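Report on one structure; see the data block that follows.
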Amino acid sequence: MILTRAFWQPHRIVLAAIAIAIVVFCAVTLRWDWVPKYLPLAAQGLWRTIWILLTSVVLGLMLAIPLGLAQAVGPWFLAWPARAFCTVIRGTPLLLQLWLLYYGLGSLFPQIPWIRQSDLWPILRQAWPYGLLALTLSFAGYEGEVMRGAFKGVPKGQLEAAKAMGMPRFTTLRRIWLPQALHRVLPTLGGETVLQLKATPLVATITVVDIYAVASRVRQDTFLTYEPLLLLALVYMAVTAVIVVIFRWFERRVPTRVA
Amino acid sequence: MKKLALTALAALMLSGAAMAETVKVGIAAEPYPPFASPDASGKWTGWEVDLIGAVCKAAEMECEIVPVAWDGIIPALTAGQIDAIMASMSITEERLKTIDFSNKYYNTPTVIVAAKGGDIAATPEGLAGKILGVQVSTIHEAYAQKHFAGSVAEIKVYQTQDEANQDLVAGRIDATQADSIALDAFLASAEGAACCEVKGAVADDPDVLGLGVGVGLRKGEDALKEKFNAGIAKVLEDGTYEAISKRYFASSIYGG
């Protein structure tokens, strides 16, 4: 794609030139001697960021599908809790949820002796499970709402046709309803995944050493302000670009023509 | 009446402008009792806050307390947002590369606190395989990275000492290293008294632990440094230092 002529339009050439100029300027004028020392730590941090992002998006989406379905067509005893969950998650700051889980729930566990003695304790005393849980619940809350709209947006005729053909309800969901709903939300999902990426630095506040935490550490060790932050911005932009490309690819693979 | 008020206001503003330029003294925005913490109304109180007032008065300076995030307090000083740091910042070689310091105004030992009982000691062997919590960019973090990194299972870094203390109570870390005074305040609280105790002071290392706490200043501002030094000397001499210390501590914390 990058080598084709269509890609190199004038505005892209100008943007690329500006980007290169900025990079060269920063490389020449700022201090970068700390980079080799922190590279292993940064690689670890980046891996942790990506790992937390992927896991929370996949798990969150798996939770979002039943949440959306329950709100769209579920009976009231499923729809109401699902709606309440989405409202609470979307109505409170993620940082608050994270701290409630880590400093709230997490400090209740050790007071219960059998948890402290169980095999789960070495995991429960770490910080990442709380970070992952908070990010997953948050993603599920937002996407549950998106999926509700998507399920409702699939043309009724499609479902009625499936029913008329004698297709079982679950098969209808699996082969017609869910694929069309997912296809509708793919562009939204791409954007939400990028937003989720930018929510991950919050885990640094509960001692998870992600890429943001590494940049903070460099700032604190070296008293440099711009260099680590600029590099961090570049890393997040690169990851965002990868996410965008992946979702484009998905969007192109899924046929737009409905059966 | 209105006119009178306006005149009074103008007079106030004029007298304000006529006074010497205010010295902006940066303190850490994160509470660090009993040295500096905001009370219920948001007013900063504590030993260090009182000392700032006393030193500024002794040196005949107009001071304004400016809370700055601890992890950005040195850049804030070098960028000119504040003129001095009085936030329990130890004088260390590493910091002296970037900023200057006044003479020390207190010096207290560094201790390890852990759950009661157990076999933890304030030595690399005594902490082998344990999880140690420290506050970010403190001398304690530097000390832990230098002396304990080889033997402990993990060094966890917190934004504030309070968070490290909470996690110690919650059992997510096995021990924490900090200034003895700061940890005494935690051990005096109900939570701290129930769970933990001092396991001993760590072996001294002036290279990392520094030479006590001083006023952080921009390099080259020798006039201001002299003023602070004179102010510190004066409050030590005239008994103000001791009077302030008595309000918060059992004994003087000036140290050797």
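As the structure is a computational prediction, the values presented were derived from the model and not from experiment.
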When every non-hydrogen atom of Asp71(B) is compared with those of Gln220(A), the smallest separation belongs to CB-NE2, 3.0 Å
For Glu197(B), I'd like to know if atom CD has over 12 heavy atoms of other residues, nucleotides or ligands within 6.0 Å. yes
Turns out that what part of Phe109(A) lies under 4.5 Å from chain B's heavy atoms comes down to neither
Exercise. Taking atom CD of Glu93(B) as the centre, report whether more than 12 heavy atoms of other residues, nucleotides or ligands fall under 6.0 Å from it.
Key: no
Does atom NZ (Lys43(B)) have a neighbourhood of more than 12 heavy atoms from anything else shown, all under 6.0 Å? no
Under 4.5 Å to a heavy atom of chain A? For Ile131(B) that would be side chain
Bottom line for Ser216(A): the part with an atom under 4.5 Å from chain B's heavy atoms is neither
Scanning both residues in full, the closest heavy-atom pair of Arg172(B) with Tyr102(A) reads NH2-O, 2.7 Å
Q) Does Trp32(A) CH2 have over 12 foreign heavy atoms under 6.0 Å away? A) yes
When the 4.5 angstrom heavy-atom criterion is applied to Ala204(A) and chain B, the contacting part is neither
In this structure, CD1 of Ile206(A) is separated from CD of Glu163(B) (nearest 0.5 Å) by 10.5 Å
Of all heavy-atom pairs linking Arg125(A) and Lys156(B), the shortest is O-NZ, 4.2 Å
- prompt: For Phe250(A), does the CZ atom sit with more than 12 other heavy atoms under 6.0 Å from it, leaving out its own atoms?
  reply: no
Quiz prompt | Heavy atoms from other residues, nucleotides or ligands near OH of Tyr212(A) exceed 12 (cutoff 6.0 Å) | solution = no
Trp121(A) and Ala170(B) have their tightest heavy-atom pair at CH2-O, 3.6 Å
Per-residue tally against chain A (heavy atom, under 4.5 Å) across Asp167(B), Ile99(B), Val169(B), Ile173(B) peaks at Asp167(B)
| field | Trp80(A) atom CH2, over 12 foreign heavy atoms within 6.0 Å | value | no
Okay, Glu141(B) and chain A: the region with an atom under 4.5 Å from a heavy atom over there is side chain
Practice task
For residues Lys97(B) and Phe223(A), determine if any side-chain heavy atom of one lies less than 4.5 Å from a side-chain heavy atom of the other.
Solution key: no
Closest non-hydrogen contact found for Val157(B) with Thr207(A) is O-CG2, 3.6 Å
